[in-house]
Amino acid sequence: HDGTFEKSILVGLKRDCREFLDQYKVEEKSDLGDLLYGIRNILVHNYREVTDDQVNLLNEITFGFEIMINHLMIKSP
């Protein structure tokens with residue numbers, strides 16, 4: 001097992017997070033934790049401004065995050 005699955009999920013998740021944050025002109029981050037925290041801040045402080053398209057992107061981000069967590073749980077001893 002070479003980690004290709006984890007890398008592809010992580011790349012897609014980071015891409016989607018950046019796309020969401022770009023819509024709010026948030027400074028670009030590279031760490032997944034920072035990206036997710038930026039999204040959290042937008043949802044807490046600007047939730048009324050989130051559009052339907054952004055909700056769809058949030059659903060994709062949530063799905064990718066769930067896949068990553070599930071994979072890590074299965075992979076762990």
### Message
Which residue is it: Ile42, Asp34, Asp16, Asn41? I am looking for the one with a side chain to side chain contact (heavy atoms under 4.5 Å, CB included) to Leu21.
### Response
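Of the listed options, the one satisfying the test is Ile42.
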### Flag if over 12 foreign heavy atoms under 6.0 Å of CG, Asp52
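Count not over threshold, so no.
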Flag yes if [X] and [Y] sit in one hydrophobic cluster, no otherwise; membership is Ile, Leu, Val, Met, Phe, Trp, Tyr, and two members link when side-chain heavy atoms are under 4.5 Å apart.
| X | Y | result |
| --- | --- | --- |
| Ile69 | Ile67 | yes |
| Phe65 | Leu43 | yes |
| Tyr37 | Val44 | no |

Does any non-hydrogen side-chain atom of [Y] lie less than 4.5 Å from one of [X]?
| X | Y | answer |
| --- | --- | --- |
| Val26 | Ile39 | no |
| Ile9 | His71 | no |
| Glu60 | Phe63 | no |
| Tyr24 | Val50 | yes |
| Thr51 | Gln54 | yes |
| Lys29 | Glu27 | yes |
| Thr4 | Lys7 | no |

What's the separation between atom [atom1] in [X] and atom [atom2] in [Y], rounded to the nearest 0.5 Å?
| X | Y | atom1 | atom2 | result |
| --- | --- | --- | --- | --- |
| Leu32 | Lys14 | CG | NZ | 6.5 Å |
| Phe20 | Leu58 | CZ | CG | 4.0 Å |
| Leu36 | Leu13 | CG | CG | 6.0 Å |
| Arg40 | His45 | CZ | NE2 | 5.0 Å |
| Leu10 | Arg15 | CG | CZ | 11.0 Å |

### Working for side chain to side chain contact (heavy atoms under 4.5 Å, CB included), residues Asn46 and Glu49
CA-CA 6 Å; Asn46 302 83; Glu49 297 176 20; 3.5 Å; yes
### Closest contact, heavy atoms only, Leu35 versus Cys17
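So the minimum-distance heavy-atom pair works out to CB-CB, 3.8 Å.
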